[in-house]
Amino acid sequence: MENNKGILLESGTNELEIIEFGIAGEVFGINVIKVREVINPLPVTRTPKSHPHVMGIIQLRGEVLPVIDLAKALCFPPSEHPEQDKFIIAELNQMKVAFHVHSVSRIHRISWEQIEKPSELTRGLESSTTGVVKMEDRFILLLDFEKIVVDISPEAGFQSGQMRELGERPISAKRILLAEDSAILRKLIEETLHKAGYTHVEACEDGNEAWRYLEHLVGTGQDVTEHIQLVITDIEMPGMDGHHLTKRIKEHPELQKLPVVIFSSLITDDLRHKGEKVGADAQVSKPEIVNLVKVIDGLIL
């Protein structure tokens, strides 16, 4: 399981592959497309005044990467079998990070429909969990790696001050449909779009909800573009992912004229082609919120 570049799935199938790993006997998962490789631990150089969850830094093929101790981040005990420990090298939010885990077992190919949002029963972990995968005899929790990174390094997240570079903006009558499963990010994106003048935002919790809304508009018999002028979608969402949502929109005779912007932490050089294949009009990497507004301006103003 050294490198995952040969495991890229066909775009828009609503499937994903997750790497199952363990921390203190509990089972978690990470989307394969976030993972560059899984390696045995390297010597870690401690850094002064670093965050308690950061073990230090490593050098991997000339790159310096921070190492995050996921056990500490989740308030779990340290590894009982250090000889089994692994580093998961991940790329998200335009940065590479090494996540220290206690074991890595296997890869599962599943559908986004198998992933449920964290319920009230898992609310304690909800702030660090994006979904729950039901396997035959157990559950796998999908961690919110972006939030874990932003909690440690806030500058890796949205910076509201960035909007100042856009200057004063008029109020737009254009209507935008937003599909984003993170309640925190959904609110932040909405607020930012409002500051940018886009005050008419229909926000949906996932791709399924967004698709049902679009189907409802089609069912009215009216021109859909009179109600929605642009769609913004995340990629990772329980039920229906953003690539599948985009593919459905672009294959629908009444919806295909809608511009679709994919806004995700997974927009990398290796993965950009997946969005292009399903017909996305633009792709913007989180947290580049100013760039997102500029792209929207170019598509619908």
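All values derive from a computational prediction rather than experimental measurement. What you see below is based on every heavy atom in this structure, not just the backbone, and it leaves out hydrogens, waters and symmetry mates. Position 1 is the first residue of the sequence; numbering continues from there.
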Do [X] and [Y] sit within salt-bridge range, that is, some charged N less than 4.0 Å from a carboxylate O?
X: Glu288; Y: Lys294; answer: no
X: Arg186; Y: Asp234; answer: no
X: Glu251; Y: Lys247; answer: yes
X: Glu202; Y: Arg175; answer: no

*Any chance you could lay out the side-chain contact (heavy atoms from CB on, under 4.5 Å) test for Leu60 and Ile39, step after step, and finish with the verdict?*
CA-CA 10 Å; Leu60 182 64; Ile39 64 173; 4.2 Å; yes

Of the non-hydrogen atoms in [X] and [Y], which two are nearest, and what is the gap between them?
X: Ala179; Y: Leu245; result: CB-CD2, 4.1 Å
X: Ile58; Y: Pro43; result: CG2-O, 3.5 Å
X: Thr233; Y: Gly242; result: OG1-CA, 3.5 Å
X: Asn14; Y: Met240; result: OD1-CA, 3.2 Å
X: Ala282; Y: Leu299; result: CB-CD1, 4.4 Å
X: Asp206; Y: Pro238; result: CB-O, 3.6 Å

With a 4.5 Å heavy-atom cut-off, do [X] and [Y] have their side chains touching?
X: Leu143; Y: Leu74; value: yes
X: Phe145; Y: Thr130; value: no
X: Val97; Y: Leu92; value: no
X: Glu20; Y: Val27; value: yes
X: Glu146; Y: Lys286; value: no
X: Asp281; Y: Leu230; value: no
X: Asp223; Y: Lys257; value: yes
X: Val284; Y: Val261; value: yes

Quick one: does [X]'s side chain have a donor or acceptor within less than 3.5 Å of a partner on [Y]'s backbone?
X: Glu26; Y: Gly22; value: no
X: Gln283; Y: Arg272; value: yes
X: Thr192; Y: Leu188; value: yes
X: His200; Y: Ala173; value: no
X: Ser79; Y: His81; value: yes
X: Thr47; Y: Ser50; value: no

Going from [atom1] on [X] to [atom2] on [Y], what distance comes out if it is rounded to the nearest 0.5 angstrom?
X: Ser265; Y: Lys34; atom1: OG; atom2: NZ; value: 5.5 Å
X: Ile228; Y: Leu177; atom1: CD1; atom2: CG; value: 5.0 Å
X: Ile88; Y: Glu37; atom1: CD1; atom2: CD; value: 11.5 Å
X: Glu113; Y: Asp241; atom1: CD; atom2: CG; value: 10.5 Å
X: Ile235; Y: Lys274; atom1: CD1; atom2: NZ; value: 8.5 Å
X: Leu258; Y: Ile249; atom1: CG; atom2: CD1; value: 6.5 Å

*Excluding sequence neighbours, so at least two apart, what forms side chain to side chain donor-acceptor pair (under 3.5 Å) with Asp297?*
Arg169, Tyr198

Going hydrophobic residue to hydrophobic residue with side-chain gaps under 4.5 angstrom, can you get from [X] over to [Y]?
X: Ile152; Y: Ile30; answer: yes
X: Phe139; Y: Phe28; answer: yes
X: Leu141; Y: Ile19; answer: yes
X: Val295; Y: Phe263; answer: yes
X: Val101; Y: Val149; answer: yes

Ring geometry between [Y] and [X] (parallel below 30°, tilted from 30 to 60°, perpendicular above 60°):
X: Tyr213; Y: His216; answer: tilted
X: His252; Y: Trp211; answer: perpendicular
X: His100; Y: Phe87; answer: perpendicular

Is it true that, when you exclude [X] itself, more than 12 heavy atoms of the residues, nucleotides or ligands shown sit nearer than 6.0 Å to its [atom1]?
X: Arg138; atom1: CZ; value: yes
X: Lys250; atom1: NZ; value: yes
X: Glu83; atom1: CD; value: yes

*Before giving the answer on side-chain contact (heavy atoms from CB on, under 4.5 Å), spell out for Ile115 and Leu16 the whole-Å C-alpha distance, their side-chain angles and the decisive distance to 0.1 Å.*
CA-CA 10 Å; Ile115 301 174; Leu16 74 156; 3.9 Å; yes

*asked:* Out of the candidates Lys187, His194, Lys195, only one should pair with Glu191 under the side-chain hydrogen bond (donor to acceptor under 3.5 Å, both in side chains) rule; please name it.
replied: Lys187

*Would you mind telling me which of Arg109, His243, Gln114 makes a side-chain hydrogen bond (donor to acceptor under 3.5 Å, both in side chains) with Glu15?*
Arg109

_For Asp85, salt bridge (charged side-chain N to carboxylate O under 4.0 Å, His left out) partners two or more places apart_ = none

*Yes or no on side-chain contact (heavy atoms from CB on, under 4.5 Å) for Ile232 and Ile296, after CA distance, side-chain angles and deciding distance?*
CA-CA 9 Å; Ile232 302 171; Ile296 295 170; 3.6 Å; yes

*Hey, mind stepping through His244 and Trp112 against side-chain contact (heavy atoms from CB on, under 4.5 Å) and telling me if it holds?*
CA-CA 10 Å; His244 191 59; Trp112 282 101; over 6 Å; no

